[in-house]
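Inspection log for the structure reproduced underneath, given as structure tokens.
Treat the numbers as computed from the prediction; the structure is a model and nothing was measured. Proteins come first, then strands; the chains are lettered A, B, ... in the order of their sequence lines, and each starts at number 1.
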Amino acid sequence: MQQLQDMENDLARTGSLLDEAVNRLAGSFTAIHQLVNEQQAEMDALLTQYPLLHQRAHAIREMREVIGDEVHAVVTGLQFHDLVSQLLAHATGRINELRILMAALAADGSEKPTGHIQEQLAALLAARSAEPELALDGMSEAGACRQVRQQHMRGGDVELF
Amino acid sequence: MAKTILAVDDSGSLRQMVAFSLQAAGYEVVQAVDGNDGLSKARSKVVDLVLTDQNMPGMDGLTLIQSLRALETYRKVPILMLTTESGDEMKARGRAAGANGWLVKPFDPKRLIEVVQKVIG
């Protein structure tokens, strides 16, 4: 039981560190993006004021496009926080399930678990091994065990009905 | 006048990225932290588009959509789901609830803007 508690504490700490790291990343990214926009506005003003610089305009436009693409990649990438947070919540939920089951076993005191509880635990563990995406009723009702199936951080599908 | 989008998601970082992307394209974005907050904000100001997550504490996305469609002012407002869920069954439930589209996370900002522009201009 202590090991389960330790695992849960580790997951909670992972979540906290993740939250803090992403908040810092997102804050810095937003600030950098704002400054880049202001810098680009200054360049536009310079190009207008000094026509001779137009020979550099093409290069500046190309850089602007690359910056735009990289910004989009960052925005897609930063969404990992949401997906990982959900996975951490799922893992915490499963630890809780295990704790409940083990508490039920322990509630029988120093005697060996009854055959019924042992069968239940064995059946549950077998089911989860065979179909890890199968959520327990209690957890799925709480909405805490929806599977995050994404394997990569590419943009997801879009469908208009 | 800029069109307004209501972005509903319990993830702060996700809302931030949605707002960042859509504001860069000239839209106003109102953020809501869950379905109940979304419904409350939708009632206080009618928006041009609702973008909602599915799995949220309290009121989930499908329930939010059903609640919005029950309001006269939201009968015709486009509603898009933005969720980790990608299964056909969930999409069918979303469509039945009144969603107009389904976007799977993570979203590509360029595609998100394209879809929003297609739906509300």
Side-chain angles (χ1 to χ4, degrees), chain A residues 15 18-27 29-34 36-37 65 67-90 93 133 135 139-161, chain B residues 9-25 34-35 53-63 78-88 90-116 118-119:
Chain A
L18 185 63
D19 287 347
E20 189 182 335
V22 170
N23 285 337
R24 286 175 186 236
L25 273 170
F29 166 68
T30 304
I32 288 170
H33 186 254
Q34 177 63 30
V36 166
N37 282 345
E65 276 185 31
I67 288 170
D69 289 343
E70 294 299 336
V71 164
H72 287 162
V74 169
V75 171
T76 304
L78 277 174
Q79 293 170 60
F80 85 96
H81 181 220
D82 177 34
L83 304 185
V84 170
S85 295
Q86 289 187 45
L87 285 167
L88 288 174
H90 297 166
E133 69 273 15
M139 294 303 292
S140 62
E141 281 167 16
C145 259
R146 300 284 190 224
Q147 282 295 313
V148 173
R149 299 185 193 282
Q150 284 75 353
Q151 298 288 323
H152 304 285
M153 289 305 298
R154 285 191 289 270
D157 289 339
V158 172
E159 185 179 344
L160 289 178
F161 301 142
Chain B
D9 201 301
D10 58 328
S11 164
S13 59
L14 202 292
R15 287 198 311 275
Q16 196 177 6
M17 292 301 107
V18 167
F20 178 87
S21 303
L22 294 176
Q23 283 163 353
D34 58 32
D53 187 16
Q54 162 54 15
N55 301 316
M56 297 179 288
M59 183 188 290
D60 69 13
L62 289 183
T63 308
I79 303 176
L80 303 177
M81 293 289 285
L82 173 60
T83 172
T84 54
E85 307 262 5
S86 57
D88 290 338
M90 277 306 296
K91 284 185 190 176
R93 288 175 63 193
R95 193 171 184 169
N100 300 101
W102 197 274
L103 290 77
V104 178
K105 291 177 182 176
F107 69 86
D108 177 273
K110 202 170 169 181
R111 276 205 92 186
L112 175 65
I113 292 165
E114 281 171 2
V115 168
V116 169
K118 189 171 182 177
V119 174

### Message
Need one label for L82(B): side chain, backbone, both or neither, based on atoms under 4.5 Å from any heavy atom in chain A.
### Response
neither
### Message
Please identify, among G68(A), G77(A), A26(A), the residue contributing the most non-hydrogen atom pairs under 4.5 Å to chain B.
### Response
A26(A)
#### Entry: Selection from S21(B), P106(B), S11(B) maximising heavy-atom pairs under 4.5 Å formed with chain A
P106(B)
### F107(B), part contacting chain A, at a heavy-atom distance under 4.5 Å
both
### Query
For K118(B), is it the side chain, the backbone, both, or neither that has a heavy atom closer than 4.5 Å to a heavy atom of chain A?
side chain
### Task
Measure the CG-CG distance between D157(A) and D108(B) for me, rounded to the nearest 0.5 Å.
12.0 Å
### Query
What residues, two or more places apart in sequence or in another chain, satisfy side-chain hydrogen bond (donor to acceptor under 3.5 Å, both in side chains) together with K110(B)?
none
### Message
How long is the straight-line distance from CZ of F29(A) back to CE of M17(B), given to the nearest 0.5 Å?
### Response
6.0 Å
### Message
Please classify the contact of A99(B) with chain A as side chain, backbone, both or neither, using a heavy-atom distance under 4.5 Å.
### Response
both
### Flag, side chain of Q150(A) to backbone of T84(B), donor-acceptor distance under 3.5 Å
yes
### Task
Mind checking salt bridge (charged side-chain N to carboxylate O under 4.0 Å, His left out) for D82(A) and listing every partner two or more places apart, or none if nothing turns up?
K105(B)
#### Entry: Under 4.5 Å from any heavy atom of chain A - which part of L14(B)
side chain
### Query
Between F80(A) and chain B, which part of the residue has a heavy atom less than 4.5 Å away: side chain, backbone, both or neither?
neither
### Query
Which bit of R111(B) comes within less than 4.5 Å of chain A, counting heavy atoms only: side chain, backbone, both or neither?
side chain
### Interchain contact, V119(B) with chain A, by part (heavy-atom threshold 4.5 Å)
side chain
### Task
With the side chain counted from C-beta on, respond yes when L112(B) and V158(A) share a heavy-atom pair under 4.5 Å apart, and no when they do not.
no
